[in-house]
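Heavy atoms only: backbone and side chains are in, while hydrogens, waters and symmetry mates are out.
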Amino acid sequence: MLTILFDGVAYGMLLFILASGLAVTLGLMNFVNLAHGSFAMAGGYVTVVLMQRYGMGFLATLPVAFLVPALIGAVLERTLYRPLYDKSHLDQVLFSIGLVFMSVAAVDYFMGSQQQLVHVPSWLQGRFDVAGVGIGRYRSFVIVVCIVIAALLQFVLARTRFGSQLRAAVDDQRVARGLGIEVGTLFTLTFAIGSGLAGLGGALGAEMLGLDPTFPLKFMIYFLIVVTVGGRAGLIGPFLAALLIGVADVAGKYYLPQAGAFIIYAVMILVLLVRPQGLFAAAR
Amino acid sequence: MNMASPTTPLPAAPVAGTAANAATIVNAPGTASPARALLRRRRAWKPAEFLFWGAALLAPLALPRSMLLMNEIAILGLFALSLDLILGYAGIVSLGHAAFLGVGAYAAGLFALNVSADPLAGLVVAMLAASVLGFLSSFLVLRGTDLTRLMVTLGVALLMFEAANSWRSLTGGADGLQGITIDPVLGLFDFDLKGRTAYLYSLAVLFVLFLAARRMMGSPFGLSLRALRDNRLRASASGVGVNGRLVLVYTLAAAYAGAAGGLLAQTTQFVSLDVLEFHRSADLMLVLIIGGTGWLYGGLIGAVLFELFQDVVSAATPQYWQFWVGLLLVVFVSGGREAVHKTGAALRQRVAALFGGRRA
């Protein structure tokens, strides 16, 4: 019972790191980016390639798994995403679905369609007991990393100059620009960091979630749920929503395996019906 | 970067008032025969329309080998027509239209397996089943922003997929429904292997449903839908009831998609989870973008082009076909559409005029 709760928390933490970039682009910048999972997949595959072909250690690959998707994100933001910021949600959806399809097919072409295995170092394998509760080492590692990142993100967004500039730019772009804030650079940087975090999440999650070319499609709805259910006002809502979904999903799969993902989807529809602005956000 | 306020209905065209006013004038009892005359004039059949349907009818004679492909085109055309009713005319975005296709397909398949193998009865059952789901889920898309609508429609489609996947005793799960046999259409035309009956049957159904849609969208009801799409607030201020119309058109579109699903199940004699897959909904968007939204021929022309494109590309690279769909979507949204519009503006206008200028 407690083990399930623990696994659920680990899963939820991972979901939050994966979706945190989307919480900013969709939640704050109001851009529906369904291709967010593609950046996560990119991070996962960077780790796989570095470990299998170049024999790097798992931990050493993680910074690269952050940097490469961040770079891809920055380039794509500058070239393709930017003109779409003021288009309709429908256009943004179609565009990003297109990107998802392309990334799925491209990864399939270059890496093959099989599941990729990531071997975590031996000191992260296995589990230990705390008061009779089995706790996976890797999962506790993930939780610690994710808590650190989440705290950092919240600190950056709420306390630093960068964060307040970003919030200003999101609230009212014209005024922010008038005050001398470089909105374009700011958004590129934000998008890159979000993509990089997704990549890091993809690398961390490859062992727990699995990694194959359909990853962006499989988890797209989860990221969207985290952001829309959590509310689009900041990072705390998505964080709580991610934990909730993580625990609910793991528990659901354990106790009611035949229901599949049914419960999650039904809950999402209900929440969006009752509170279209999300669970943890005030109505706008 | 425009942070579109969530209450603004997208797409908001500046010419909203005219359609709304025309609709209310027509709705007012016993007045405004000029408006009726205008509507009637706009509904008149254009020569190119006869050409289009004549070509569709004669196509099997010219290309007797590709009737299976033509059958797919007709079904996809009907499916796209259905999405156009809600997206192009009523402005409701949907990422889960495959839900209705799938429900229609499973209903038709189960009906043929368990009750009767008559195709027309099966088609009616498919349409009814899908419209029940459409009616129930229509209340979910009335509220919220475009984003919530996208999420909710996607969620409904995923729910249907999960349901079909888990309810093995009814749907066969991942194996699908097998061994469906269908009686001859009207007791006369047997389904053959070459797909001739299948194509003509699908085409006939498409034509009948198209006629109905054409009449409805050319009526005051259709005009009032467009008024809603362009400016919901203004339309309701001019006396156009919003929710009732949206529920009606959503249910109607669901029934159309159900018919497409029913046709798919009957002509391929097989139903699998594939009919509920996400890529069905996404591909459908592409079809409608290719052909253009907001005129009934958009979906049909888009279906023709999409299927031909798919046929060529998937013959070359069957495995990576999705890549090219994705590329097409990206290019279309990132400016390809404007380029096409600009270069082909004159041509488009001429074609649209021939087809009855349904591009509001």
Measure up the Tyr81(A) and Phe39(A) rings against each other and bin them: parallel (under 30°), tilted (30 to 60°), perpendicular (over 60°). tilted
Just so I understand: if I count every heavy-atom pair under 4.5 Å between each of Ile97(A), Val32(A), Leu80(A) and chain B, which residue has the most? Ile97(A)
Tell me yes or no: between the side chains of Asp274(B) and Ser272(B), is some donor less than 3.5 Å from an acceptor? no
Hey, what's the ring geometry for Tyr222(A) with Phe219(A), parallel, tilted or perpendicular (30° and 60° as the breaks)? tilted
Using heavy-atom distances under 4.5 Å, tell me whether Leu154(B) contacts chain A through its side chain, its backbone, both, or neither. side chain
Determine the interplanar angle of the Trp321(B) and Phe306(B) rings, folded into 0 to 90°, and report it as parallel if under 30°, tilted if 30 to 60°, perpendicular if over 60°. perpendicular
Quick one: what part of Leu224(A) sits under 4.5 Å from any heavy atom of chain B, side chain, backbone, both or neither? both
Measure distances from Leu270(A) to the heavy atoms of chain B and classify the residue's part below 4.5 Å as side chain, backbone, both or neither. neither
Test ring-ring contact (aromatic ring centres under 6.0 Å, His included), reference Phe100(B), set Tyr106(B), Tyr250(B), Phe135(B), Phe79(B), output is Tyr250(B)
Counting heavy-atom pairs under 4.5 Å to chain B, which of Val100(A), Ile221(A), Leu217(A), Asp172(A) comes out on top? Ile221(A)
Between Phe161(B) and Tyr265(A), is the ring centre distance below 6.0 Å? no
Under 3.5 Å side-chain donor-acceptor pair for His36(A) and Thr25(A): no
Under 4.5 Å from any heavy atom of chain B, what part of Val104(A) do you find: side chain, backbone, both or neither? neither
Looking at Pro83(A), Ser96(A), Gly98(A), Ser103(A), which has the largest count of heavy-atom pairs under 4.5 Å with chain B? Gly98(A)
So what's closer than 4.5 Å to chain A heavy atoms on Leu95(B): side chain, backbone, both or neither? side chain
At a heavy-atom distance under 4.5 Å, which candidate from Leu159(B), Leu329(B), Val325(B), Val152(B) has the highest pair count against chain A? Leu159(B)
